[in-house]
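Positions are given from 1, in the same order as the sequence printed here.
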Amino acid sequence: MTTLGTAETFKRDWVDGFVTAYGRTVRKVPDAYGVVAREAPRAGKVAVIIGGGCGHYPAFAGLVGPGLAAGAVVGDVFTSPSAEQVYRTARAADGGAGVLFGYGNYQGDVLHFGLAARRLAAEGIESRTILVTDDIASGPAESPERRRGVAGDFLVFKIAGAAAERGDDLAAVHAAAEKANAATRTFGVAFGGCTLPGAPEPLFTVGDGEMELGLGIHGEPGVRTVERLSATELADALVDGLLPELPAGDGRIVVLLNGLGRTKYEEMFVTYTRVHERLAAAGLSPLHTEVGEFVTSLDMAGVSLSVMVLDDELAELYAAPCDTPGYRSTGAPLRQVELESTVDELLAEIAPGNGIVDKVLTAALESVEANEAELGRLDAVAADGDHGLGITRGMRAAVSAARTAERAGEGVSATLLAAGTALADASGGASGALYGVLLAETGAGLRLPGPITLPALADAVDGAARAFVELGKAEPGDKTMLDAIEPFRGALREQAAAGASVADGWRTAAKVATAAAQETANLMPAKGRAARLAERSKGHADPGATSFALIVTAIGEALGKDSI
């Protein structure tokens, strides 16, 4: 991935765009790469000035506004701003009550902000500094002064800004920020490196099946390479890294799961459930949780976990309202965040029973699970690549629903209806709806009492195929699931007319469906998403027809020799 812009103009261009977009909240400092709040300077209020290199949005400029920072100064990508830029920004925000500088513990920032502080002092403007040192991977616990500032920047700046907003003097604002820094710890992981503006390649790469633990926010890799972890394992690694480092407290905490630029919010939410479980199990009470992007690293793929241990003062300050382009808070009191988990009953473990629908659908599930990757590959040729995942998820739900129905004494018809409804609900998408109607309508056609014969089953499949066509509007030759369903339906009818048993007739029809599914490689799609990229699909079998063939084949193998 190549970042938009060029190295020479990136800082200028994005700052100009930022103040243009958010001119209602911030304004640009004249002749400087800095922004200040529209309300700044405010007489008698400590000016909290934050900053560092760009590439970390919403840090730093996005955190300027009432209740947070009075101003922010930005350097080039991952490079500290100059002392002159820091000085000009501080002067633009100074309201006569002094300046608190806040930034991560990086040598360039320390030098340039330090020089600016000296210049302010020479002019009679008092300033103090909070160096954020939350990154546990960058130094030993016994030497916190060696640690970097990463996503904990946001938490510390929030406290400092709230203290300034309530009218604290410079010493008190500084003390609150120091307390917040001492109470904050962060640990991060990267899945892929970031790319500098205009550069063709990322600063570092992460191998397939690997991830980097203990990364920073300046494009550097982590301190340790490990095998790629699942969402649960990743949450455990992050929490396990932080727990021994957390200072003592009464259990109240703020939790920040921070995306580094490329990791999607949905992925972070998947990880957060386990994070919350682990923190609660350790006796901690999250009073507030943030999941999102707060301190990024351009387009780096990865996340970091930050925890700030609260006392009464920190809880009050963190809850205070603020209004900035990158973060807003209404000022609602903090309260304990309970674990909210959507229990997916359709995928719950239910022991297999003796029912025939359970038996055949379990066999079908095992088949699509074994072929999930190939179904996804076929779908990715001209669509979104989720067919294997979706149909597997749907079949798991169908099996679970079938087991529940059969245990409740339901017959084949009602059980198939329950399975079809569950499949459509869990799988979603067009294929989920269409598979759902196939199961449900087959069940509807088997309502007659007595044993299920092959003619009765053929009639039910006929009805299901008609419902499929009515819902999906497909025709033979459109390169859809119907190109396997229709040959299967016809063969099943022929086998019924010939007097075959249920099992033998079904297996014969399944072989016809399998051959027909393979022949779809010669067709051009005319329905669904694949129709937009029809040329790409040539030479590849239709994923829906393929999964249908897999399912009916597995069902045939699971059927008894003579009857259902």
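- In this structure, Thr263 contributes its side chain and Gly302 its backbone to a donor-acceptor pair below 3.5 Å.
- Below 30°, between 30° and 60°, or above 60°: for Phe60 and Phe157 the angle between ring planes is between 30° and 60°, a tilted geometry.
- Looking only at atom types and distance, the side chain of Tyr318 has no donor-acceptor partner in the side chain of Glu313 under 3.5 Å away.
- Taking CD of Glu84 as the start and OG1 of Thr89 as the end, the distance is 9.5 Å to the nearest 0.5 Å.
- Remark: Arg274 engages Asp236 in a salt bridge, criterion side-chain N to carboxylate O under 4.0 Å.
- Leu260 contributes atom CG, which lies 11.0 Å from atom CG of Asp299 (distance to the nearest 0.5 angstrom).
- Taken to the nearest 0.5 Å, the CE atom of Met308 stands 10.5 Å off from the OG1 atom of Thr186.
- With contacts defined as side-chain heavy-atom distances shorter than 4.5 Å, the pair Leu287/Val254 does not qualify.
- Among residue pairs with one or both ends in residues 61-75, none qualify as side-chain hydrogen bond (donor to acceptor under 3.5 Å, both in side chains); sequence neighbours excluded.
- Side chains of Val270 and Tyr272 form no contact here, defined as non-hydrogen atoms less than 4.5 Å apart.
- Annotation for Arg38: atom CZ counts as buried by contact number, over 12 foreign heavy atoms lying within 6.0 Å.
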Please assess Arg252 against Glu316 for the test salt bridge (charged side-chain N to carboxylate O under 4.0 Å, His left out), listing each intermediate value before the final yes or no. CA-CA 12 Å; Arg252 293 178 293 168; Glu316 175 189 340; over 6 Å; no

Only pairs under 3.5 Å count here: list side-chain donor-acceptor contacts from residues 40-55, not counting sequence neighbours, and write none if there are none.
unit_1	atom_1	unit_2	atom_2	d
Arg42	NH2	Glu39	OE1	2.6
Arg42	NH2	Glu39	OE2	3.3
Arg42	NH2	Glu165	OE2	3.1
Lys45	NZ	Glu39	OE2	3.3
Lys45	NZ	Glu165	OE1	2.7

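- Using a cut-off of 4.0 Å between Lys/Arg side-chain N and Asp/Glu carboxylate O, Glu245 and Arg147 are scored as salt-bridged.
- Under 4.0 Å is where a charged nitrogen must lie from a carboxylate oxygen, and between Arg148 and Asp134 no such pair does.
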Could you go through the salt bridge (charged side-chain N to carboxylate O under 4.0 Å, His left out) check for Arg228 and Glu233 one step at a time? CA-CA 9 Å; Arg228 185 69 63 98; Glu233 293 167 335; over 6 Å; no

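- Between atom CD of residue Gln85 and atom OG of residue Ser80 there is a gap of 11.0 Å, rounded to the nearest 0.5 Å.
- Put simply, CG on Leu234 and OG1 on Thr232 are 9.0 Å apart, with the number rounded to the nearest 0.5 Å.
- Salt bridge status for Arg146 with Asp135: absent, with no side-chain N to carboxylate O gap under 4.0 Å.
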Evaluation steps, salt bridge (charged side-chain N to carboxylate O under 4.0 Å, His left out), between Asp16 and Lys11: CA-CA 9 Å; Asp16 287 347; Lys11 176 175 63 173; over 6 Å; no

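- Heavy atoms from other residues, nucleotides or ligands lying under 6.0 Å from CD of Glu145 number more than 12.
- Within 6.0 Å of OH in Tyr22 there are 12 or fewer heavy atoms belonging to other residues, nucleotides or ligands.
- The cationic atom of Lys158 (NZ for Lys, CZ for Arg) does not lie both less than 6.0 Å from the six-membered ring centre of Tyr327 and within 45° of the ring axis.
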Residue pair Ile253, Leu279: steps toward the side chain to side chain contact (heavy atoms under 4.5 Å, CB included) verdict: CA-CA 10 Å; Ile253 58 174; Leu279 293 173; 4.1 Å; yes

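- By the 4.0 Å N-to-carboxylate-O rule, Arg328 lies close enough to Asp323 to be salt-bridged with it.
- Summarising the geometry, atom CZ belonging to Phe187 is positioned 12.0 Å from atom OG belonging to Ser306; distances are rounded to the nearest 0.5 Å.
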